[in-house]
Q: 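If you scroll down you'll find the structure; I have some questions about it.
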Amino acid sequence: MTSIALSDWLQARLNRQSAVPLYRQLQESLLEAVLEGELPPGRKLPSSRLLAGELGLARNTVIEVYEALSAQGCLETRHGSGTYVADLASERLPPPPATIAPVAPKLSARGRVLIEDAQVFPRQWGAFMPGVPDVTEFPTRIWARLHNRHWSRAAPERLTYAPGGGLKALRVALAEHLRTARGVRCEPGQIVITTGIHQSIDLTARLLTDQGDTVWLEDPCYWGLRHSLHSLGLKLQSVPVDAEGLNWAGLNSPPPRFIVATPSHQYPLGMVMTLPRRQALLEQAKAQGSWIVEDDYDSEFRYGTRPITSLQGLDRDGLVIYVGSFSKTLFPGLRLGYIVAPPQLADSFAKGVAELYREGQLQQQAMLADFIAEGYFAAHIRRMRGLYKARREALLDAIRREFGDTLPVMGDNAGLHLVLGLNGADDRQIAREAVQAGIVTRPLSGYYRSPGPPQSGLLLGYACVREEAIAPAFATLSAVLRAHLG
């Protein structure tokens, strides 16, 4: 390709009306010509002055393109001679041995399990999505005022990576709240700020377990927790729950590295672990050298009784790792959670979160610290507790109106959802048909892992449904239910 031919070839490819800069178009066209062999190795290119004149471009544009392609090894500049196409073949690494078979693009075994069993739903709002608060009731004006307060005087140290453990002001405010509202025994130095329950569990597992170690999980339990731990190569031992909570009697299992429990409001069934069972769990963990991870995901919302004191508040041996988040109390998109580590682990957890995840969000943490310290957090919880209680009662009324007492209701005394028992009906098929009717729910059987027939039911979230919309929405769902219940 002569200089004139090259100019004509490039001119045909330059679109001066395009939003793509001309230097980018020129660079990509020359690269294509080299890779496709239109410009063979050793071919001398026109000088930058000549090519710029023929294309009607600034000379600096051509110089910039030549330099960029030279940096990639496509062109080479010979002093006093000009710019030439490089011999790319001479730069290639030797081919792999013929005995190595091509690698097929596929997921790992644990990756396949994760994706094939994934239960993340594209819709995260509306009747009757469980576990989602009413984000439209969040006090955005107060939050905006705090936002302006901190961004109007953003210090450089708030715009970089977070120190181990998180912002001190948030840890101080949170420690005070947890001591008062949840009976947690902690100092600010024991608190580590995370992005939520998933990261808290991931960090705990990475610091306290090795691949192949055993972890006890409630059965049923939150599927996201199960998937997170399985993806780390841990052996998951399902432990059944009864009316008093986790029940490991007769369980034939190696001592676990840690036990995950939701003692204040079992997820998803909703029972409270009784005091004798809590004491027995602490004794069991101490005897077998295990940690306990207490997931206190939505215990602020109880109806008719005061919130249950945390299991961590009963621990006198430093065995309980307490985890929580602001996803249910404020809004999920905030992505802030926390760990209350036993004193002997606090420094390791603070270093671990900084080393593994390079945390930030210090401005968000500062806003949240003020939100808690100035009383807005407690006021918001009180207000939402009353609102959710009314919506819960509206849903219970709708269930009784449609089905009387023929379908059992579980876990309705706390949280953001209840469980409607289906007396053995196919809850997965019902959930699929409900989605087609515009109603989102989750089948209870999907939360079980142990062999044997799981309990059948539907998780019905009422928090993100307006009170006046609950009865019409449940009437739609009841039409689907009747087709399966007879």
Side-chain angles (χ1 to χ4, degrees), residues 1-108 111 115 122 147-148 150-162 195 333 335 354-364:
M1 188 183 296
T2 65
S3 171
I4 296 177
L6 175 61
S7 298
D8 291 342
W9 188 85
L10 291 172
Q11 192 73 263
R13 282 160 176 74
L14 294 180
N15 180 1
R16 300 176 192 272
Q17 307 303 317
S18 171
V20 179
L22 288 172
Y23 82 88
R24 176 67 66 186
Q25 296 183 50
L26 177 60
Q27 180 175 322
E28 291 176 354
S29 296
L30 282 173
L31 178 60
E32 177 187 347
V34 171
L35 294 178
E36 296 297 326
E38 296 288 344
L39 292 174
R43 173 62 56 86
K44 183 178 181 180
L45 297 184
S47 69
S48 59
R49 186 185 303 278
L50 177 60
L51 186 59
E54 292 176 344
L55 296 178
L57 299 175
R59 184 186 178 196
N60 284 343
T61 298
V62 178
I63 292 174
E64 184 179 353
V65 169
Y66 278 8
E67 290 177 346
L69 292 175
S70 296
Q72 296 180 53
C74 298
L75 305 180
E76 58 184 14
T77 301
R78 301 174 188 173
H79 185 68
S81 178
T83 301
Y84 295 81
V85 177
D87 183 1
L88 300 182
S90 65
E91 301 296 327
R92 294 194 181 110
L93 295 174
T99 55
I100 298 179
V103 178
K106 64 178 182 179
L107 299 173
S108 65
I115 300 304
H147 176 278
N148 293 337
H150 286 282
W151 278 104
S152 66
R153 48 181 173 84
E157 59 268 20
R158 295 276 179 87
L159 304 181
T160 184
Y161 298 110
T195 59
R335 304 315 303 147
E355 184 69 20
L356 287 174
Y357 312 111
R358 300 295 284 161
E359 294 295 87
Q361 301 190 78
L362 289 174
Q363 288 288 84
Q364 289 271 73

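Since this is a predicted model, take the numbers as computed values, not measurements.
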Q: Suppose we screen for salt bridge (charged side-chain N to carboxylate O under 4.0 Å, His left out). Which residues come up paired with Glu157, at least two apart in sequence or across chains?
A: none
Q: With the side chain counted from C-beta on, respond yes when Val34 and Leu69 share a heavy-atom pair under 4.5 Å apart, and no when they do not.
A: no
Q: Tell me the closest heavy-atom pair linking Asp87 and Pro41, and the distance in Å.
A: CA-CB, 3.8 Å
Q: If the condition is side chain to side chain contact (heavy atoms under 4.5 Å, CB included), which residues does Thr195 pass it with, not counting sequence neighbours?
A: Gln199, Glu359, Gln361
Q: When rounded to the nearest 0.5 angstrom, what is the spacing between CZ in Arg158 and CD in Gln363?
A: 6.0 Å
Q: I need the His150 NE2 to Gln364 CD distance, nearest 0.5 Å.
A: 10.5 Å
Q: How long is the gap from OG1 on Thr61 to CG on Leu26, to the nearest 0.5 Å?
A: 8.0 Å
Q: Could you pull out all residues at least two apart from Arg16 that satisfy salt bridge (charged side-chain N to carboxylate O under 4.0 Å, His left out)?
A: none
Q: For residues Ala52 and Arg59, report the shortest heavy-atom separation together with the two atoms involved.
A: CB-CA, 3.7 Å
Q: Quick one, Glu28 and Glu32 - any side-chain contact, counting heavy atoms below 4.5 Å?
A: no
Q: Do you know the tightest heavy-atom contact between Thr77 and Thr83?
A: OG1-OG1, 4.0 Å
Q: Which atom pair, heavy atoms only, marks the closest approach of Ala68 to Gln27?
A: CB-OE1, 3.6 Å
Q: In Å and rounded to the nearest 0.5 Å, what is the CD1 to CG distance from Ile63 to Leu51?
A: 11.0 Å
Q: Can you tell me how far the CZ atom of Arg24 sits from the OG atom of Ser29, to the nearest 0.5 Å?
A: 11.5 Å
Q: Calculate, to the nearest 0.5 Å, the distance between atoms OH and CG belonging to Tyr84 and Leu75 respectively.
A: 12.5 Å
Q: Compare every heavy atom of Leu159 with every heavy atom of Ala154, then report the nearest pair and how far apart it is.
A: CB-CD2, 4.4 Å
Q: Tell me whether the count of non-hydrogen atoms from other residues, nucleotides or ligands lying under 6.0 Å of CZ in Arg13 goes above 12.
A: yes
Q: Could you check whether any side-chain heavy atom of Leu30 comes within less than 4.5 Å of a side-chain heavy atom of Val65, counting everything from C-beta outward?
A: yes
Q: Would you indicate whether the side-chain heavy atoms of Asn15 and Val20 approach each other to under 4.5 Å?
A: no
Q: Identify the two heavy atoms, one from Ser48 and one from Val62, that lie closest to each other, and give their separation to 0.1 Å.
A: CA-CG1, 3.7 Å
